[in-house]
Amino acid sequence: MEGDVTASALYQPASPPRDACVYSSCYCEENIWKLCEYIKNHNQYPLEECYAVFISNERKMIPIWKQQARPGNGPVIWDYHVVLLHVSSGGQSFIYDLDTVLPFPCPFDTYVEEAFKSDDDIHPQFRRKFRVIRADSYLKNFASDRSHMKDSSGNWREPPPPYPCIETGGRSPIDNFLRSKKMVGYSSYYGCLAFMC
């Protein structure tokens with residue numbers, strides 16, 4: 001933990017402060033797309049160091065702790081969640097999660113320990129899977145018509161962001177990023193990112 005504090009003190013965030021970021025509750029995939037766009041436009045760090053990380057599972061029921069939507073010590077059960085990973089060439093890695101109560105950005109190891117905890121303590125139906133997508137690919141291929149945020153009557157489950165739907169040349173909706181065949185289990189994900197970090 002002491003190393004995380006030192007790394008945080010030396011690290012210059014790739015984003016503005018949390019309260020200055022583009023944010024809409026329950027639209028994490030768009031929040032992270034906008035954060036990737038900010039990083040690309042401000043050129044402080046190479047975009048190649050950044051990744052959108054999709055978290056879900058076959059049942060679309062995943063626990064994440066330390067979320068603003070759940071005060072106290074319990075987890076929020078999301079259908080999916082998206083965060084940004086910055087693997088800096090300086091050897092530091094940070095998670096950007098606009099929905100967490102943890103620091104923004106948060107050192108990678110701290111975030112994993114506090115927000116994900118261990119799969120050993122989670123019932124198998126809640127075990128998370130991950131898909132890591134390069135930020136440049138995410139910017140080119142993600143698009144959202146926000147239809148997944150409407151109920152069967154066409155009403156919004158949560159108010160939509162104030163800007164128009166994200167449209168890209170790739171036009172890949174959220175479901176394309178959550179296909180379980182392209183997601184890996186927690187141990188594979190953590191091992192891969194530990195190696196990257």
Side-chain angles (χ1 to χ4, degrees), residues 1-25 27-55 62-73 75-76 78 80-121 128-140 142 177 184-197:
M1 192 73 80
E2 184 179 324
D4 283 351
V5 172
T6 303
S8 295
L10 299 174
Y11 179 70
Q12 295 298 313
S15 74
R18 184 193 318 245
D19 59 2
C21 289
V22 174
Y23 176 79
S24 296
S25 178
Y27 289 84
C28 56
E29 69 281 4
E30 293 196 31
N31 297 333
I32 295 304
W33 192 93
K34 289 288 189 180
L35 190 54
C36 290
E37 182 181 52
Y38 177 93
I39 293 168
K40 177 184 176 183
N41 291 340
H42 286 78
N43 211 23
Q44 179 181 353
Y45 292 104
L47 192 58
E48 296 77 25
E49 294 181 356
C50 299
Y51 302 84
V53 180
F54 283 75
I55 310 153
I62 51 135
I64 301 182
W65 281 260
K66 303 291 184 180
Q67 297 284 284
Q68 295 173 19
R70 173 79 188 259
N73 294 325
V76 171
W78 294 117
Y80 65 90
H81 194 46
V82 185
V83 298
L84 183 134
L85 167 68
H86 178 209
V87 181
S88 168
S89 58
Q92 304 165 349
S93 296
F94 290 84
I95 295 287
Y96 290 74
D97 180 357
L98 286 155
D99 292 292
T100 190
V101 297
L102 294 168
F104 180 85
C106 187
F108 176 81
D109 289 338
T110 300
Y111 188 89
V112 168
E113 182 179 322
E114 296 288 326
F116 293 153
K117 302 201 179 279
S118 172
D119 257 358
D120 296 338
D121 301 326
R128 295 149 301 212
K129 290 191 172 183
F130 300 82
R131 184 170 177 197
V132 181
I133 300 162
R134 282 180 36 164
D136 58 347
S137 177
Y138 190 47
L139 285 173
K140 287 177 191 168
F142 174 74
F177 291 96
V184 297
Y186 181 81
S187 59
S188 300
Y189 163 82
Y190 187 68
C192 173
L193 292 192
F195 175 75
M196 289 167 60
C197 300

Query raised in the report: Is the count of non-hydrogen atoms from other residues, nucleotides or ligands lying under 6.0 Å from N41 atom CG greater than 12?
Result: yes

Report task. Could you tell me whether the side chain of Y51 and the main chain of V87 form a donor-acceptor pair under 3.5 Å? Result -> no

Query raised in the report: K34: what forms a side chain to side chain contact (heavy atoms under 4.5 Å, CB included) with it, not counting sequence neighbours?
Result: V22, E37, Y163

Requested in this report: Please assess T100 against C106 for the test side chain to side chain contact (heavy atoms under 4.5 Å, CB included), listing each intermediate value before the final yes or no.
Outcome: CA-CA 9 Å; T100 190; C106 187; 5.8 Å; no

Query raised in the report: Okay, side chain of Y111, backbone of D97: is any donor-acceptor separation there less than 3.5 Å?
Result: no

**Report entry** Under 3.5 Å side-chain donor-acceptor pair for Y80 and E29
**Finding:** yes

Query raised in the report: Less than 4.5 Å apart, any side-chain heavy atom of H86 and any of I39?
Result: no

Requested in this report: Check the pair W33 / L139 against side chain to side chain contact (heavy atoms under 4.5 Å, CB included), numbers first and verdict last.
Outcome: CA-CA 6 Å; W33 192 93; L139 285 173; 3.5 Å; yes

Report task. Search all heavy atoms of Y11 against all heavy atoms of P105 and return the closest pair with its distance. Result -> CE2-CG, 3.6 Å

Report summary line: In terms of heavy-atom contacts, P16 and C21 come closest through O-SG, 3.6 Å

Query raised in the report: For the residue pair L84 and I32, what are the closest heavy atoms and their distance?
Result: N-CD1, 3.7 Å

Report task. Find the distance between CG (L85) and CZ (F94) and round it off to the nearest 0.5 Å. Result -> 11.0 Å

Report summary line: One should read off an interatomic distance between S15 OG and F104 CZ, to the nearest 0.5 angstrom, of 4.0 Å

Report summary line: Here the pair of heavy atoms bringing R18 nearest to P103 is NH2-C, 3.9 Å

Query raised in the report: Is the side chain of D99 donor-acceptor paired with the backbone N or O of Q68 at a distance under 3.5 Å, no angle test?
Result: no

Query raised in the report: Residues two or more places apart in sequence or in another chain: which of them pass side chain to side chain contact (heavy atoms under 4.5 Å, CB included) with P63?
Result: W65, P75, I77, I122, F126, R128

Query - F116 CZ to F130 CZ distance, which is reported to the nearest 0.5 Å - result: 4.0 Å

Query - Contacts of E48 that satisfy salt bridge (charged side-chain N to carboxylate O under 4.0 Å, His left out) - sequence neighbours left out - result: none

**Report entry** Rounded distance (nearest 0.5 Å) linking atom CZ of F108 with atom CD1 of I95
**Finding:** 6.0 Å

Report task. Write down the atom of E49, the atom of Y45, and the distance for their closest heavy-atom approach. Result -> OE1-CD2, 3.7 Å

Query raised in the report: Rounded to the nearest 0.5 Å, what separation is found between the CD1 atom of I62 and the NZ atom of K129?
Result: 13.0 Å

Query raised in the report: In Å, rounded to the nearest 0.5 Å, how long is the span from CG of L35 to CG of L98?
Result: 6.5 Å

**Report entry** Smallest separation among heavy atoms of Y138 and A52, with atom names
**Finding:** CD2-CB, 3.6 Å

